[in-house]
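Structure record follows, encoded as structure tokens.
These figures come from a predicted structure and were not determined experimentally. Residue numbers begin at 1 in each chain, while the letters A, B, ... track the order of the sequences.
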Number of protein chains: 2
Amino acid sequence: MAGRAAEPEVIWARPERTGRGPRPAYTRADIAAAAVRIADAEGLDAVSMRRVAAELGCGTMSLYNYVPRKEDLYELMVDAAGGEHELWEPGGDWRADMLRVAHQSRALMHRHPWLPRLMSPVYGFSPNALRYLEHCLACLDPLPAPYGTKLELIAMLNGIVTTYVTNELATAERTRSLPWSQEQENAMRIAYLGGRIATGEYPRMAAAFAQDAGPIDLEAVFERALGRMLDGFEPRR
Amino acid sequence: MAGRAAEPEVIWARPERTGRGPRPAYTRADIAAAAVRIADAEGLDAVSMRRVAAELGCGTMSLYNYVPRKEDLYELMVDAAGGEHELWEPGGDWRADMLRVAHQSRALMHRHPWLPRLMSPVYGFSPNALRYLEHCLACLDPLPAPYGTKLELIAMLNGIVTTYVTNELATAERTRSLPWSQEQENAMRIAYLGGRIATGEYPRMAAAFAQDAGPIDLEAVFERALGRMLDGFEPRR
DNA sequence: TGACTACTACGTACGCTGTACTTAGTGAGG
DNA sequence: CCTCACTAAGTACAGCGTACGTAGTAGTCA
């Protein structure tokens, strides 16, 4: 994290092929597809340079001819997933179009649960990220606002989608991976929280848990969050 | 990530001391402080079990008596940082109080840049997380809304703070770690983006970059995002 | 009091990681 | 044809999380 100095270039700036020497055995798309296949099937932690090389059928170190650092492999993966975004002709209702964008991003992240973890550097300017950004701007054409505001809207939307899907995935993961049932998990959680609450130090949390104990509809929560966020950009305020 | 079955308990459920056998040489606070010290000084990647044990002055495997998994060490760190939150008596203006909460969280994350990366499991119910949550609810007492809505507000606020600070930190890291100056970095970025834009595939991005080329005030962006989000919870809508 | 036993402490070892470095082979440009 | 940038791959190293086994310690109970 600290002492890297040699090659700070972003991978999209270097050409995939220079024309000299033997032609490469694999394309970036091949490599990204292999990594995505592994991550989808076995989780992001299973994506190692050795494992991807094995999946491709080449030596481990050969991979470094295509991908100078592992971080760049991640960038390839994010770009490949971004390529699955379906881009349509905007219909003139920016709110509806942005909601559709958000739901599609959410579906994409549920299909590739490793995606949110790799999205922290927000803007990598990969080819598909540029296409996505341009499409969002096209959806926002009907909104009377400067481009700066539109970019802020897009950033905020992406942030909310990432945040909420991360939460959804963590919840699902907990539910699935534990050897107990969902009820046992909830019972244990309530027992622990109940013990803390019983101290009387947290009267409002006690009231909150007494008020609604039913299971929460995460999709509805997501929908409400989106709506509230988009409200903040309505021009007639 | 898949096959863990033995000890799924959360660390806060197990008592720090049972009373039997020799008394432990360190407290959880000691361990958390050591890990935080390392993370602050050398980055999160420098926090390894060996390194923390060395910082404490004990053998590597002794640490596992206190912290069953490394993930639990992370929980200790997040809780320790959360303890730095200053909790005040709410003043009756929930909007002002929540803004203050957000700015304090932001400052906390800037002081401990590793914090956002460890916050993905959103709610760990650590002692200080409970105190923080209760305090937020107290700030929201004047807001006429059910507790479910208030919890959604708090979650959304935390998500936005984390998202934006992550972005700020990534930007700062790029600026600092590269061997070139900020201008060179910008020039290179603009050269690359300019090349992509020159293809004519991204007319709106071209317009956006033509419209405002000045440096962006990240704090102002953060402030606007917060304001828009809180607008969505105003009762008089 | 002594025996028991839960607990702390910690060294060794295993399988895994990213990747620096080295060597050999290939094929297009001058 | 020669040259040299490029691909391919093997070896090696430092570091990681942690399973396992052993030795010592101190509260608890007969």
Side-chain angles (χ1 to χ4, degrees), chain A residues 1-9 11 14-28 30-31 34-35 38-39 42-77 114 117-118, chain B residues 1-9 11 14-28 30-31 34-35 38-39 42-77 114 117-118:
Chain A
M1 195 178 249
R4 182 193 309 141
E7 258 191 286
E9 281 183 46
I11 194 171
R14 71 159 57 181
E16 182 163 2
R17 175 111 173 84
T18 53
R20 195 66 169 277
R23 60 179 13 261
Y26 312 100
T27 66
R28 275 180 191 162
D30 293 334
I31 295 170
I38 296 168
E42 305 168 45
L44 184 60
D45 292 340
V47 176
S48 70
M49 296 302 273
R50 281 172 237 265
R51 185 77 181 71
V52 173
E55 179 86 10
L56 285 169
C58 72
T60 304
M61 294 316 289
S62 308
L63 211 52
Y64 280 90
N65 290 315
Y66 301 87
V67 170
R69 284 163 289 125
K70 197 191 180 183
E71 183 185 310
D72 293 311
L73 177 63
Y74 286 153
E75 283 224 43
L76 256 45
M77 292 174 68
W114 41 269
R117 262 177 64 186
L118 298 186
Chain B
M1 192 178 251
R4 183 193 309 137
E7 259 192 287
E9 281 183 46
I11 194 170
R14 70 159 56 182
E16 182 163 3
R17 176 110 172 81
T18 54
R20 195 67 169 275
R23 57 175 20 259
Y26 313 100
T27 65
R28 277 181 190 163
D30 292 335
I31 295 169
I38 296 168
E42 306 167 44
L44 183 59
D45 293 339
V47 177
S48 70
M49 297 301 274
R50 281 170 235 266
R51 184 77 178 72
V52 172
E55 179 85 11
L56 285 168
C58 72
T60 302
M61 294 315 290
S62 308
L63 210 52
Y64 280 90
N65 291 316
Y66 302 88
V67 170
R69 285 164 287 124
K70 196 190 180 183
E71 184 184 308
D72 293 310
L73 177 63
Y74 286 153
E75 283 224 44
L76 256 47
M77 291 174 69
W114 42 270
R117 262 178 63 185
L118 298 186

Heavy-atom protein contacts under 4.0 Å, nucleotides 22-30 of chain C, coded B base, S sugar-phosphate only, - none: ----BSB--
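- Side-chain contact between A:Arg117 and A:Asp45 is present, with heavy atoms from C-beta onward closer than 4.5 Å.
- The residue A:Ala25 sits close only to the backbone: its heavy atoms come under 4.0 Å of sugar-phosphate atoms, none of a base.
- Every residue meeting the side-chain contact (heavy atoms from CB on, under 4.5 Å) condition with B:Tyr26, not counting sequence neighbours, appears here in chain and number order: B:Asp30, B:Ile31, B:Leu56, B:Cys58, B:Tyr66.
- Counting any heavy atom pair closer than 4.0 Å across all strands shown, A:Tyr26 reaches no nucleic acid atom.
- Contact detail for A:Ala34 and A:Glu55: the closest heavy-atom pair is CB-CG, 3.8 Å.
- Of the two residues contacting DNA chain D, namely A:Thr60 and A:Glu16, the nearest-nucleotide position lying further toward the 5' end is that of A:Glu16.
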Which atom pairs link the protein and nucleotides 12-17 of chain C when you take only N or O atoms and keep those under 3.5 Å?
residue : atom : partner : partner atom : Å
C:dT17  : OP1  : A:Ser48 : OG           : 3.0

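- The nearest whole Å value for the distance from the CD atom in B:Glu42 to the P atom in D:dG15 is 13 Å.
- A:Val67 places none of its side-chain heavy atoms less than 4.5 Å from the side chain of A:Val52.
- Salt bridge absent: A:Arg28 and A:Asp72 never bring a charged side-chain N and a carboxylate O closer than 4.0 Å.
- As rounded to whole Å, 18 Å separates atom C1' of C:dT19 from atom OH of A:Tyr66.
- Between B:Met77 and B:Ala39, the shortest heavy-atom contact is CE-CB, 3.6 Å.
- With rounding to the nearest 0.5 angstrom, the CE atom of B:Met49 is 8.5 Å from the OG1 atom of B:Thr60.
- For B:Asn65 and C:dG11, the CG to P distance is 13 Å, given to the nearest whole Å.
- One atom, OH of B:Tyr74, and another, C1' of D:dC16, lie 11 Å apart when rounded to the nearest Å.
- Regarding B:Leu56, its CG atom lies at a distance of 15 Å from the C1' atom of C:dT8, rounded to whole Å.
- Other residues, nucleotides and ligands contribute only 12 or fewer heavy atoms inside 6.0 Å of the CZ atom of B:Arg23.
- Between the CG atom of A:Asp72 and the P atom of C:dG18 there is a distance of 13 Å, rounded to whole Å.
- Between the OH atom of B:Tyr64 and the P atom of D:dC20 there is a distance of 13 Å, rounded to whole Å.
- Of the inter-residue distances, the one linking B:Lys70 atom NZ with B:Leu76 atom CG reads 13.5 Å to the nearest 0.5 angstrom.
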